[in-house]
Every structure is written in structure tokens, then in C-alpha cells.
Amino acid sequence: MVVLSNPGLDQISLLGSPKVIACSPCVPVIDLSKPDAAASVVEACEEFGFLKVTDHGIPVELMQRLEAEAVKFFSLSTVEKERSGPPDPFGYGNRKIGANGDVGWLEYLLFAVASKPLSYTSALKEYLAAVRTLASKVLELMAEGLDIEPRDVISGLVMDENSDGIFRLNHYPPCPVLRGYNYGLTGFGEHTDPQVISVLRSNNSTGLQISLKDGSWVSVPPDEESFFINVGDSLQVLTNGRFRSVKHRVVASGWESRVSMIYFFGPPLAEKIAPLSQLMGEGEHSLYKEFTWDEYKKAAYKSRLADNRLGLFEKREVTDDQRL
Ligand SMILES: C=C1C[C@]23C[C@@]1(O)CC[C@H]2[C@@]12CC[C@H](O)[C@@](C)(C(=O)O1)[C@H]2[C@@H]3C(=O)O
Ligand SMILES: O=C(O)CCC(=O)C(=O)O
Ligand SMILES: [Fe+2]
């Protein structure tokens with residue numbers, strides 16, 4: 001078993017579990033082979049900012065091969081894992097998330113997806129390529145469901161060779177001290193993802209929770225054969241607030257070892273993030289100030305995990321008394 005270098009739980013918040021609803025029909029499930037998939041994807045992005053996709057065509061054996069490599073990596077000694085370098089911003093990290101004081105009950109490996117992945121294992125190369133194809137398909141379904149052309153208007157932003165993709169392997173170890181208590185330990189604190197979309201796959205352990213529009217938290221039942229898609233802050237802006245960047249977190253139960261792998265799809269650094277003109281109604285104004293992905297990313301990396309990062313870029317409504 002992996003022992004985290006500083007196993008003290010003092011700084012990691014414990015969460016009482018009773019308020020969380022296990023609500024599997026709450027999470028929209030979209031079968032990508034169904035003719036109504038485009039409309040269902042849009043509905044899910046508007047209501048939840050989150051969806052599970054099935055019938056995606058990626059073999060479960062590929063996911064399991066990569067998962068086995070992740071498990072092998074995380075079972076190395078701390079000294080060996082630390083050879084992958086500290087996560088500033090890419091490398092191996094343990095308990096500390098980001099550079100601004102956030103902590104969680106996890107260890108992880110984070111890296112920028114290289115356009116020429118020379119040192120990747122075959123499982124990693126195949127997995128990243130397969131998930132890119134899946135993301136492209138989901139983003140094109142969004143455009144179809146929104147009835148906008150060209151169909152690659154969103155996918156094109158993140159499939160460019162200069163796009164800013166990040167891949168992350170997370171391991172939430174069991175926590176024996178917690179067993180028998182009705183508490184969950186914060187694995188990854190609540191946050192939204194800054195990118196366009198994130199494509200997540202985990203082993204069959206619980207822990208992921210999403211926040212609904214009314215502020216309540218629901219547990220997402222694990223499914224190792226499916227993928228989960230998060231709408232990120234950038235997609236909320238591209239749709240001028242029509243899609244919802246989903247607030248999510250991971251609460252570790254203490255019993256299971258959770259392994260997740262997430263591909264975050266960001267645009268090229270110089271790309272302007274602004275509502276798509278095809279989506280703007282007559283007289284409709286952007287809810288956000290103009291910014292590039294580079295500007296947003298820099299601001300995001302200065303923020304704490306739970307901060308409302310998009311708030312900094314929202315246009316403040318000018319009331320009548322404030323007008324000159
Ligand atoms: C606390 C932080 C960790 C994070 C950078 C940040 O300052 C705020 C956003 C965080 C997040 C969430 C989604 C991804 O896991 C991530 C890699 C990203 O792009 O933004 C993480 C950042 C991180 O862990 O470094
Ligand atoms: O590990 C998970 O299941 C989710 C982690 C997450 O939200 C993230 O890395 O941004
Ligand atoms: Fe996330």
C-alpha cells in the first residue's frame with residue numbers, strides 16, 4: 001500500500017456524508033450511438049454541465065492497461081515517484097494541489113500532452129489518441145445539438161496541434177484511520193475545471209460528486225467502462241453561459257483505492273475565449289470580458305481550488321444609478 005509522505009489529516013477537511021444524495025438517474029447517460037445523442041448532450045450540458053457517455057467505442061481493455069500502468073507507478077517508493085519531479089506545474093504531486101495552499105487525500109501525476117509523444121508507453125499513446133477522438137465526437141455533437149456550423153467550431157479549438165492539453169492520473173489511497181466513521185475525507189476539493197471539456201475515466205470506486213444547480217451535491221456512481229465529461233469554464237464562456245461549468249469534487253471513503261485518469265482539453269494559449277458568434281441572438285451581449293486562454297490560465301493558476309475563477313472575467317451589470 002502506498003503511504004503518503006505526510007499522512008496527518010489535520011489540514012484536509014472531513015465532510016459529513018449525510019447531505020450527499022446517491023442519485024444515479026440524476027446523472028445524464030448518453031449512448032453515443034443513438035440518433036438523439038446531439039440533443040441529449042446539449043440538454044445535459046445546460047442542466048448539469050456533466051454527462052456520462054456509453055457506447056463510445058473505446059475498448060475497456062485499453063483503459064485497464066493504462067490503469068495498470070498507473071497502479072504500478074503509484075506503488076513505487078516515494079523516492080522513485082519523486083524522480084518525476086515536483087508538480088510545478090507538471091510532475092508528481094502528493095497532497096498538495098496547485099501552488100496556493102490546497103490539499104487533498106491524493107497523489108497524482110500531471111503532464112502537458114505533447115504533440116510528439118516520444119517517451120509515452122503504447123497504452124498511454126493509444127489511450128490519449130482514443131480519448132481525443134471521443135472528445136472531438138462529443139464536441140461535434142454539441143455543435144450539432146446547438147445547430148451551429150461549422151460542426152468543428154468547438155472541437156477545432158482543442159484539436160489544433162498547439163492546443164493546450166493536460167493529462168492527469170490521480171490516486172486516492174485508502175485511509176484506514178477513517179474507517180467506521182461517517183465522514184468522507186476531501187480527496188480533491190470542490191472546483192470547476194478551467195478548460196473547455198475534461199474527459200474522465202475511473203476505476204470502479206466511488207468518490208466523484210457533482211453539484212447541481214440548486215447547490216446540492218450528488219454522488220456519481222462509478223462505471224469503469226464509461227467516460228464522464230465535465231463542461232469547463234471556457235465552454236461556459238464560448239456558449240455565453242448556456243452551458244454550465246460543473247462544480248465537482250472527490251470525497252474519499254477511506255476503504256477503496258480510487259484511480260482516475262483525466263484528459264483536460266484546452267485551446268492554444270493565444271486563442272481568444274469569447275461567446276461563439278453563431279450562438280449570439282440579435283442584440284445579445286457577451287456576459288464576459290474578452291480574454292485569451294493564456295490570460296485565463298494564468299489567473300486560474302493564481303487562484304485557490306474553490307474560487308469562482310470566472311467571476312473575475314464576468315461583466316458587472318451596470319445599474320441605472322451607476323450610469324453617467
Ligand atoms: C488550485 C489549483 C490547482 C489547479 C490550478 C489551481 O490554481 C486552480 C485550478 C486547478 C485545476 C483544476 C483542473 C485540473 O485538475 C488542473 C490541472 C487545472 O488545469 O486546473 C488543476 C490545477 C492543478 O492541479 O495544478
Ligand atoms: O479524480 C477525479 O475523479 C476528479 C479529479 C478532478 O476533478 C481533477 O483532477 O480536476
Ligand atoms: Fe476537476
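We count ligands from 1, going down the list as the structure has it; atoms in each ligand are counted the same way.
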Which atoms form the tightest heavy-atom contact between Met63 and Ile58, and what is the distance? CE-O, 3.6 Å
Rounded to the nearest 10°, what angle sits at the Fe ion (ligand 3) between NE2 of His191 and NE2 of His248? 90°
Should the proximity of Lys297 to ligand 1, defined as any heavy atom under 4.0 Å, be assigned to the side chain, the backbone, both, or neither? neither
How far is atom 24 (O) of ligand 1 from its nearest protein heavy atom, and which residue and atom name does that atom have? Arg168 NH1, 2.8 Å
Phe264 heavy atoms, cut-off 4.0 Å: which ligand 1 atoms fall inside? 13 (C), 14 (C), 15 (O)
Honestly, for Ala300 the part within reach of ligand 1 (heavy atoms, under 4.0 Å) is backbone
Are Phe291 and Val196 in one and the same hydrophobic cluster, where Ile, Leu, Val, Met, Phe, Trp and Tyr link if side-chain heavy atoms are under 4.5 Å apart? no
So between His191, Gln195, Arg168, whose heavy atom ends up nearest atom 10 (O) of ligand 2? His191
For Leu200, the ligand 2 atoms with a heavy-atom partner under 4.0 Å come out as 2 (C), 3 (O), 4 (C)
Proximity of Ile262 to ligand 1 by residue part, where a heavy atom lies under 4.0 Å: neither
Within the 3.5 Å criterion, strictly below it, is a donor on Ser77 or Glu80 matched to an acceptor on the partner's side chain? yes
Report yes or no: do Leu62 and Phe227 belong to one cluster of Ile/Leu/Val/Met/Phe/Trp/Tyr joined by side chain heavy-atom distances under 4.5 Å? yes
Would you tell me whether Gln236 and Tyr288 have side-chain atoms, one donor and one acceptor, within less than 3.5 Å of each other? yes
Out of Phe73, Tyr92, Phe167, Tyr263, which one pairs with Phe111 under the ring-ring contact (aromatic ring centres under 6.0 Å, His included) rule? Phe167
By number and element, which atoms of ligand 2 are closer than 4.0 Å to a non-hydrogen atom of Val250? 1 (O), 2 (C), 3 (O), 4 (C)
Looking just at side-chain N and O atoms, do His191 and Asp102 make a donor-acceptor pair shorter than 3.5 Å? no
